[in-house]
Number of protein chains: 2
Amino acid sequence: MTSAPDPLLKDLGMHFRKARMAAGLSQEQIALRANISRPRYRDIETGAAAARATTLVNVARALGMEMMLIPQAMVPAIQSMLQPAADDDDRPAFTSDVEEEEGV
Amino acid sequence: MTSAPDPLLKDLGMHFRKARMAAGLSQEQIALRANISRPRYRDIETGAAAARATTLVNVARALGMEMMLIPQAMVPAIQSMLQPAADDDDRPAFTSDVEEEEGV
DNA sequence: GGGAAAAGATCCGTAAACGTATCTATCTAA
DNA sequence: TTAGATAGATACGTTTACGGATCTTTTCCC
């Protein structure tokens with residue numbers, strides 16, 4: 001309970017978890033692919049830790065995604081591309097929904 | 001000269017620098033907006049340091065951008081949206097070109 | 001029921017991202 | 001010339017992400 005659990009990190013972690021679940025992979029498998037330890041990947045998924053840029057990219061790629069910088073003006077357009085029918089949330093940054101990825 | 005300068009970080013830093021230049025802002029202004037120190041923002045821009053997830057988002061937003069997780073399958077499509085006519089680089093992650101943003 | 005696999009959780013030690021301070025180099029304008 | 005602003009470059013101390021090890025809890029399948 002030390003330090004507030006940044007909502008941004010929790011949001012990011014939930015995106016990772018969702019993608020991992022959809023891919024049917026274990027935390028250990030992702031950690032292995034991303035070259036980090038399982039406890040550390042767990043911290044990232046739960047929003048308990050703010051991963052470094054390099055780690056972030058490695059995790060994203062391990063989950064079949066890429067981290068991209070998008071001009072704010074284009075965010076809504078891309079958002080709608082990712083989710084056929086989405087809701088207008090707060091501040092989406094970190095968005096991605098892996099519909100269902102089958103096939104290694 | 002200690003530790004190899006990760007090309008991924010250099011690439012990311014160049015994107016930030018490019019966006020900052022286009023916006024006509026100083027390193028100090030971005031650092032202030034992103035709640036980090038100027039030396040540290042400089043490290044990020046030069047690729048000398050791997051910023052944390054929270055710092056990364058703050059810097060991106062200070063530059064009028066958002067960090068987004070994109071399924072790899074959609075990367076090319078989004079890439080072409082960002083750059084009218086782009087080249088097929090290596091591994092683009094971190095992409096964004098701020099055409100020219102005027103108006104404080 | 002039993003056992004394996006996945007996840008949660010906590011410790012310790014190390015490496016690196018952070019802030020602050022300080023100094024120099026360059027460039028532009030008065 | 002002299003300022004002033006911007007950027008490059010240290011150094012040092014604090015915070016925290018990281019690996020590795022260990023243990024418990026929860027699923028889930030036989």
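Note on naming: letters A, B, ... go to the chains in the order of the sequence lines (proteins, then strands), and numbering restarts at 1 for each one. Everything numeric here is computed off the predicted structure, so don't read it as measured data.
Distance, A/Arg40 CZ to C/dT14 P: 16 Å, rounded to whole Å. As a whole-Å value, the separation of A/Arg17 CZ from C/dA7 C1' is 8 Å. Atom CZ in B/Arg38 sits about 8 Å away from atom P in D/dG8, given to the nearest Å. Between the CD atom of A/Glu45 and the P atom of D/dA17 there is a distance of 16 Å, rounded to whole Å. Atom CZ in A/Arg20 sits about 8 Å away from atom C1' in C/dA7, given to the nearest Å. As a whole-Å value, the separation of A/Tyr41 OH from D/dA17 P is 16 Å. If you measure from atom CG of A/Asp43 to atom P of C/dC11, you get 13 Å, rounded to the nearest angstrom. Rounded to whole Å, atom P of D/dG4 lies 16 Å from atom CD of B/Glu28.
By the 4.0 Å N-to-carboxylate-O rule, B/Glu28 lies too far from B/Arg38 to be salt-bridged with it.
Comparing D/dG19, D/dT10, D/dA21 against the side chain of A/Ser37 picks out D/dG19 as the nearest. Distance from the side chain of A/Arg42 is smallest to C/dG8 among C/dG8, D/dA21, C/dG19. When each of C/dG8, C/dT20, C/dC18 is scored by its nearest atom to the side-chain atoms of B/Ile44, the top-ranked nucleotide is C/dC18.
Of the inter-residue distances, the one linking B/Thr46 atom OG1 with B/Gln27 atom CD reads 8.5 Å to the nearest 0.5 angstrom.
Contacts between residues 46-55 of chain A and DNA chain D, defined by a heavy-atom separation under 4.0 Å, are made by A/Ala49, A/Ala50, A/Ala51, A/Arg52, A/Thr55.
Using a 4.5 Å heavy-atom cutoff, the side chains of A/Ile78 and B/Ile70 are in contact. Using a 4.5 Å heavy-atom threshold, the side chains of B/Phe16 and A/Leu69 count as touching. Inter-residue side-chain proximity for A/Ile36 and A/Asn58 is flagged as unmet; no heavy-atom pair is nearer than 4.5 Å. In this structure the side chain of A/Arg61 never reaches within 4.5 angstrom of the side chain of A/Met67, judged on heavy atoms.
Nearest-nucleotide positions on DNA chain D place A/Leu56 closer to the 5' end than the other of A/Leu56 and A/Pro39. Nearer the 5' end of DNA chain C, as judged by each residue's closest nucleotide, is the contact made by A/Leu25, out of A/Leu25 and B/Asn35.
Put simply, B/Gln27 has no side-chain N or O that comes within less than 4.0 Å of OP1 or OP2 on D/dA5.
Five base pairs at each end of the helix from C/dG1-D/dC30 to C/dA30-D/dT1 define two local axes, and these are offset by 40° (rounded to 10°).
Between the A/Asp11 side chain and the A/Pro7 main chain, no donor and acceptor come within less than 3.5 Å of each other. A donor-acceptor pair under 3.5 Å is formed between the side chain of A/Arg20 and the backbone N or O of A/Leu25. Using modelled atom types, no side-chain atom of B/Thr55 and backbone atom of B/Ala51 make a donor-acceptor pair closer than 3.5 Å.
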